[in-house]
Amino acid sequence: MEILTASSVTINYGNVTAVDNASFTVNEGDYFCIAGANGSGKSTLLKGIVGLCPIKSGHLHIHFPKEQISYLSQSNKADRDFPATVWEIILSGTQKSGKTLPFYSKEDKMRAEESMVKLGMEKFRNTRIGNLSGGQQQRALLARALCKSPRLMLLDEPFAGLDSSISEELYSLYRDLNKQGVTIVMASHDYQAIGKYASRVMLMNNSHVDFVGSIEEWRANLWQN
Amino acid sequence: MAELINLLSYPFMTRALVTGTAISFCAALLGVILVLKRYSMIGHGLADVAFCAVSLAVALGLSPAQHIFVTLPVVVAASFVIMSLTRKGGKGDVAIGMVSTGALSLGIIITSLSKGFNVDVYNYMFGSILASSTYDMYLSIVLVVVVLIMFVVFYNRLFLITYDESFAQASGISVNFYQFLISFLTALTIVIGMRIMGTLLISSLIIFPAVTSRRLVRSFRSLVVLSAIVSVVCFLCGLFTSYYLDLPTGASIVGANIIVCVMVTLCTLRKE
Ligand SMILES: Nc1ncnc2c1ncn2[C@@H]1O[C@H](COP(=O)(O)OP(=O)(O)O)[C@@H](O)[C@H]1O
Ligand SMILES: [Mg+2]
């Protein structure tokens, strides 16, 4: 079943076209990787999907309520030294639009607790986020994203700056989530890892979509080049 | 203690105490967000705009109680302009630099074309405890109540937006609304606080408490609480020092903040 349909999507910053005429579909249950070199437009496309960048022309259709999307931005500029505990950060993932309460509900806290335990972060509950290693920080952010029980997760280079054993571990975490039914759309420039884990791949080059297809087609395509 | 009570029997001292405590409390809360989001120069820019507005009010011959009818709308408008420029291009520092120096020059021109640098204008630039009126005191009480309510009601939202704006926006939360709310409250704090602190120094009340406290805390919540405490304590120390040593109020308060900030920095450096 299709859950995301893009037809001729174009996004630009001023007069720079960052995504040009992109068409693709994502199906429920996909582990969809967007591959491409730096500056090819991956981040911009993800931002277009979540509504952080206006779409200039074309059509982007999400076939379910937008609240069920979780988005993790690239390299989380939020500086590493931000004074907040793991618990504060995970809990903030339960916030929804429309519901502005000064305190978190019991249900919110339960959900947060659940995703914290799921990722094995409970021992870092009161640790300042900056005192964790890069991999643990990513786990905390993933726990925050899971609070919503998302149907679709958009991940922008979630492994940038992590060493390979940790990203391996995180990749398999995502694969487990994917097996439980969460659709994953991930931007990455690590072609090797993509080949190992993705179910479908889209290649972006210079703001164009060069290729969309299954992982088998992608591997065959790679051999040719 | 007896001396303190004696001191409070001066109405101007009570007014300064209430107004200043209120202002330093609000500035510290807002400062936490402004500093973490790297918007802290907005305070400085707005203070220069406030100076320009005050020059205009003085030139128009308004009484001090009426100045706020000029300063408040001008500074609030400027805060919205600065916030939009900051959000749009990511060139916030340039925008603030241009707006603030422009406003400062305009203020100086207005002042010299009218009455020149009289005591009113001087007090606004450097601050004075004598300048705080009963009217200011009531305004500052209203300000504290408004800021506190906003902070409590929107605390979770403000945390989320401060920590990760794009996550908040992707969750369908109106980041713009909160950003404008913060700049509006900052504008209010500056307009009411500049009489005591002076337009040249008011922005330090926004920056120092958060910078001092962030080295000492683990959580965002304790940062908010500690900043407020540090800010009020430094204000009180500065105020009494300025009274007993006959030093300028605004500068003494900034001095107290700097001393605490340096001490905390040295202590935490040694621990590391
Ligand atoms: N905020 C921005 N303003 C202007 N241009 C941008 C902005 N963000 C990205 N770009 C440009 O858009 C293009 C695509 O960038 P991006 O989507 O970040 O690529 P990727 O994520 O694949 O590295 C690049 O040419 C980049 O310079
Ligand atoms: Mg990118």
Side-chain angles (χ1 to χ4, degrees), chain A residues 13-14 43 46-47 49-53 65-79 81-105 108 124-131 140-141 144-145 147-148 150 152-154 156, chain B residues 31-33 35-40 87-91 148-178 181 209-227 230 264 268 271-272:
Chain A
Y13 298 103
S43 298
L46 291 182
K47 285 183 197 162
I49 297 172
V50 276
L52 297 178
C53 275
K66 253 194 76 185
E67 292 84 66
Q68 298 174 336
I69 300 182
S70 248
Y71 168 67
L72 188 52
S73 61
Q74 184 169 6
S75 77
N76 225 271
K77 306 158 266 58
D79 66 26
D81 199 27
F82 195 94
T85 61
V86 168
W87 177 241
E88 284 181 309
I89 289 167
I90 295 178
L91 202 46
S92 72
T94 59
Q95 291 189 44
K96 296 190 191 77
S97 65
K99 193 188 76 173
T100 316
L101 289 173
F103 305 104
Y104 291 105
S105 70
D108 289 339
F124 301 115
R125 186 191 190 96
N126 294 317
T127 306
R128 186 168 159 150
I129 187 83
N131 294 345
L141 294 178
R144 176 184 67 169
C147 285
K148 281 198 216 177
L152 171 63
M153 293 189 78
L154 301 175
D156 198 350
Chain B
V32 167
I33 294 172
V35 165
L36 289 174
K37 287 218 71 90
R38 303 178 199 283
Y39 288 164
S40 52
R87 289 186 54 71
K88 231 190 203 154
K91 294 204 176 77
L148 200 58
I149 289 176
M150 291 296 166
F151 232 84
V152 171
V153 171
F154 296 127
Y155 175 82
N156 293 330
R157 285 284 197 264
L158 292 174
F159 168 75
L160 180 62
I161 287 165
T162 309
Y163 179 64
D164 191 343
E165 196 177 305
S166 55
F167 183 85
Q169 212 165 344
S171 304
I173 289 161
S174 162
V175 172
N176 271 330
F177 168 77
Y178 294 96
L181 178 71
V211 171
T212 304
S213 312
R214 74 179 289 180
R215 305 188 70 96
L216 298 171
V217 299
R218 270 195 307 204
S219 69
F220 186 76
R221 183 174 300 242
S222 38
L223 176 63
V224 170
V225 173
L226 188 63
S227 296
V230 166
V264 166
T268 49
K271 246 196 307 187
E272 272 160 21

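First the proteins, then the strands, lettered A, B, ... as listed; each starts at 1.
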K.L.:
Starting at OG of A:Ser97, measure out to CD of B:Gln169 and round the result to the nearest 0.5 Å.
P.N.:
12.5 Å

K.L.:
What pairs with B:Tyr39 under ring-ring contact (aromatic ring centres under 6.0 Å, His included), at least two apart in sequence or on another chain?
P.N.:
none

K.L.:
Tell me if a side-chain donor or acceptor on A:Gln95 pairs with a main-chain N or O of B:Asn156 at a distance below 3.5 Å.
P.N.:
yes

K.L.:
Are the side chains of A:Ile89 and B:Phe159 in contact, using a 4.5 Å heavy-atom criterion?
P.N.:
yes

K.L.:
For A:Lys148, is it the side chain, the backbone, both, or neither that has a heavy atom closer than 4.5 Å to a heavy atom of chain B?
P.N.:
side chain

K.L.:
Mind checking what makes ring-ring contact (aromatic ring centres under 6.0 Å, His included) contact with A:Phe124, not counting sequence neighbours?
P.N.:
none

K.L.:
Of the backbone (N, CA, C, O) and the side chain (C-beta and beyond), which part of A:Tyr104 lies under 4.5 Å from a heavy atom of chain B, both, or neither?
P.N.:
both

K.L.:
Can you tell me how far apart CG (B:Leu160) and OG1 (A:Thr94) are? Round to the nearest 0.5 Å.
P.N.:
9.0 Å

K.L.:
How close do B:Ala170 and A:Leu52 get, counting heavy atoms only, and between which atoms?
P.N.:
N-CD2, 4.2 Å

K.L.:
For residues A:Pro83 and B:Leu36, determine if any side-chain heavy atom of one lies less than 4.5 Å from a side-chain heavy atom of the other.
P.N.:
yes

K.L.:
A side-chain contact here means heavy atoms from C-beta on lying under 4.5 Å apart; do B:Arg214 and A:Asp81 qualify?
P.N.:
yes

K.L.:
Nearest 0.5 Å, please: how far is CZ in B:Phe167 from CG in A:Leu141?
P.N.:
8.5 Å

K.L.:
So, the side chain of A:Glu88 versus the backbone of B:Arg221: is there a donor-acceptor pair under 3.5 Å, distance only?
P.N.:
yes

K.L.:
Treating A:Arg128 as the side-chain partner and B:Val217 as the backbone partner, does any N or O pair qualify as donor plus acceptor under 3.5 Å?
P.N.:
yes

K.L.:
More than 12 foreign heavy atoms under 6.0 Å from CZ of A:Phe103: is that the case here?
P.N.:
no

K.L.:
OG of B:Ser166 to CG of A:Leu46: how many Å apart, nearest 0.5 Å?
P.N.:
11.0 Å

